[in-house]
There are 2 protein chains.
Amino acid sequence: MSVPLYQAKAEFFRMLGHPVRIRVLELLQLGPTPVRDLLAAIDVEPSNLSQQLAVLRRAGIVTATRDSTTVVYALAGTDVADLMRTARRILTDLLLGQEELLAELRDADARSE
Amino acid sequence: MSVPLYQAKAEFFRMLGHPVRIRVLELLQLGPTPVRDLLAAIDVEPSNLSQQLAVLRRAGIVTATRDSTTVVYALAGTDVADLMRTARRILTDLLLGQEELLAELRDADARSE
DNA sequence: TGATGAATTGAAGACTTCTTCAAGTTGTTA
DNA sequence: TAACAACTTGAAGAAGTCTTCAATTCATCA
């Protein structure tokens, strides 16, 4: 039965791997948000946003509820904030490492190695 | 200058979004590991593994050092373990939620709704 | 009821990423 | 130096994901 865990993990990370989806998840951390507001905050076509929202819905990480004429999205209770924090920390480390590398290369260059 | 943070994040998660890359990162959490051992542990062609290792290297999340005839990979100091833990937690929540949903559907079915 | 606004869907082509194959490095050992 | 082992690389087709467009749904308002 069932998908191996490392495969489920890979799919999960792939689901996160899109700038619009990241922005949506970050905005939803501030509280449930109507599509209208997401559209105002993110530079993206309505139909494109819908597609990305559909990906998040299918993954079960967000929920959509209709309030008469607007649809409101919310995080499905899971702790996305924590994940984003951790990702930011690692990312900062990685970018820092790259800067150090760049600095070394610059220095090496100055010494014309 | 520079890529917006949400885009860097998306790229970072995409880099994690492959079963072989996940397995490699998990194995490297146990300590530096020669390619040979990775190959023995993961069911993948050598050249395919190399391609995936190259992705991780380019991202700067692992380092490779050559010890005569074997190449040893290691985590580049960043706290990947934490990320994996968080991902597992969220994933567990999500899968649990899906099971509950399935159970509900089963019940509804039994009552022939 | 017909028109409008808000959001979603399906489908098609553009674009990326994956896998695989053959060829290339690098370092060791005979 | 030739042969070998351990990895890596480049390239090409297969597979998957993105964006966009036109069409659709759903609920309100005139």
Side-chain angles (χ1 to χ4, degrees), chain A residues 3-4 6-25 27-28 31-76, chain B residues 3-4 6-25 27-28 31-76:
Chain A
V3 180
Y6 57 84
Q7 174 132 10
K9 265 188 210 163
E11 273 163 31
F12 174 71
F13 285 125
R14 217 179 310 132
M15 175 274 276
L16 296 175
H18 190 289
V20 169
R21 297 197 293 261
I22 293 283
R23 298 233 52 212
V24 168
L25 291 177
L27 289 168
L28 293 187
T33 312
V35 172
R36 181 179 333 101
D37 293 4
L38 295 175
L39 263 174
I42 310 176
D43 181 28
V44 62
E45 299 286 310
S47 67
N48 195 345
L49 179 60
S50 266
Q51 299 278 4
Q52 307 312 328
L53 289 172
V55 172
L56 297 176
R57 254 187 289 123
R58 257 177 260 130
I61 202 168
V62 305
T63 59
T65 56
R66 176 160 219 140
D67 180 11
S68 99
T69 185
T70 82
V71 176
V72 177
Y73 277 82
L75 293 181
Chain B
V3 179
Y6 56 84
Q7 173 132 9
K9 264 188 210 164
E11 273 164 31
F12 174 71
F13 285 125
R14 218 178 311 131
M15 175 275 276
L16 295 176
H18 190 290
V20 168
R21 297 198 292 262
I22 293 284
R23 297 234 54 212
V24 167
L25 292 176
L27 289 168
L28 293 187
T33 312
V35 172
R36 180 178 332 102
D37 293 4
L38 295 174
L39 264 174
I42 310 175
D43 181 26
V44 63
E45 299 286 310
S47 68
N48 194 345
L49 179 59
S50 265
Q51 299 277 6
Q52 306 313 328
L53 289 172
V55 172
L56 296 175
R57 255 187 289 124
R58 257 178 261 131
I61 203 169
V62 305
T63 59
T65 55
R66 177 161 218 140
D67 180 10
S68 98
T69 185
T70 83
V71 176
V72 176
Y73 278 82
L75 293 181

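Convention: sequence-line order gives letters A, B, ...; per-chain numbering from 1.
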Visitor: Check the distance between dC15(C)'s P and R14(B)'s CZ and give it to me in whole angstrom.
Guide: 15 Å

Visitor: Using a cut-off of strictly less than 4.0 Å, decide whether R21(B) has a side-chain nitrogen or oxygen near OP1 or OP2 of dT17(C).
Guide: no

Visitor: Measure CG/N48(A) against C1'/dC15(C) and give the value in whole Å, please.
Guide: 14 Å

Visitor: Do L49(A) and V24(A) have side-chain heavy atoms sitting under 4.5 Å apart?
Guide: yes

Visitor: Does the side chain of V62(A) come within less than 4.5 Å of L25(A)'s, by heavy atoms?
Guide: yes

Visitor: Taking CG from D43(A) and C1' from dT19(D), how many angstroms apart are they, rounded to a whole number?
Guide: 13 Å

Visitor: Do Y73(B) and L53(B) have side chains that approach each other closer than 4.5 Å (heavy atoms only, starting at C-beta)?
Guide: yes

Visitor: Are any side-chain N or O atoms of R21(B) and backbone N or O atoms of M15(B), one a donor and one an acceptor, separated by less than 3.5 Å?
Guide: yes

Visitor: At their closest point, which heavy atom of P19(B) faces which heavy atom of A10(A), and how far apart are they?
Guide: N-CB, 3.4 Å

Visitor: Remember a base hit wins even if backbone is also touched, and classify S47(B) as base, sugar-phosphate or nothing at under 4.0 Å, heavy atoms.
Guide: base

Visitor: So which nucleotide from dC18(C), dA7(C), dT8(D) ends up closest to the side chain of H18(B)?
Guide: dC18(C)

Visitor: Can you check the L56(A) CG to dT8(C) P distance for me, whole Å?
Guide: 11 Å

Visitor: If you pin P46(B) and Q52(A) to their nearest nucleotides in DNA chain D, which one's is more 5'?
Guide: P46(B)

Visitor: Between atom CZ in R57(A) and atom P in dA7(C), what is the gap in whole Å?
Guide: 12 Å

Visitor: Take atom CZ of R36(A) and atom C1' of dC26(D), then tell me their distance rounded to the nearest Å.
Guide: 15 Å

Visitor: Could you tell me whether the phosphate oxygens of dT17(C), OP1 or OP2, come under 4.0 Å of any side-chain nitrogen or oxygen in Q51(B)?
Guide: no

Visitor: Could you state the atom-to-atom distance from CD of E45(A) to P of dT19(D) in whole Å?
Guide: 11 Å

Visitor: Can you tell me how far apart CG (D37(A)) and CG (L27(A)) are? Round to the nearest 0.5 Å.
Guide: 9.0 Å

Visitor: Hey, does the side chain of Y73(B) come within less than 4.0 Å of dT8(D)'s phosphate (OP1/OP2), counting only N and O?
Guide: yes

Visitor: Could you run down nucleotides 23-30 of chain C 5' to 3' and tag each one B, S or - for protein heavy-atom contact under 4.0 Å?
Guide: ---BSS--

Visitor: Please report, rounded to the nearest Å, how far the C1' atom of dT19(D) is from the CG atom of L49(A).
Guide: 13 Å

Visitor: Do the non-hydrogen side-chain atoms of L56(A) and L28(A) ever get within less than 4.5 Å of each other?
Guide: no

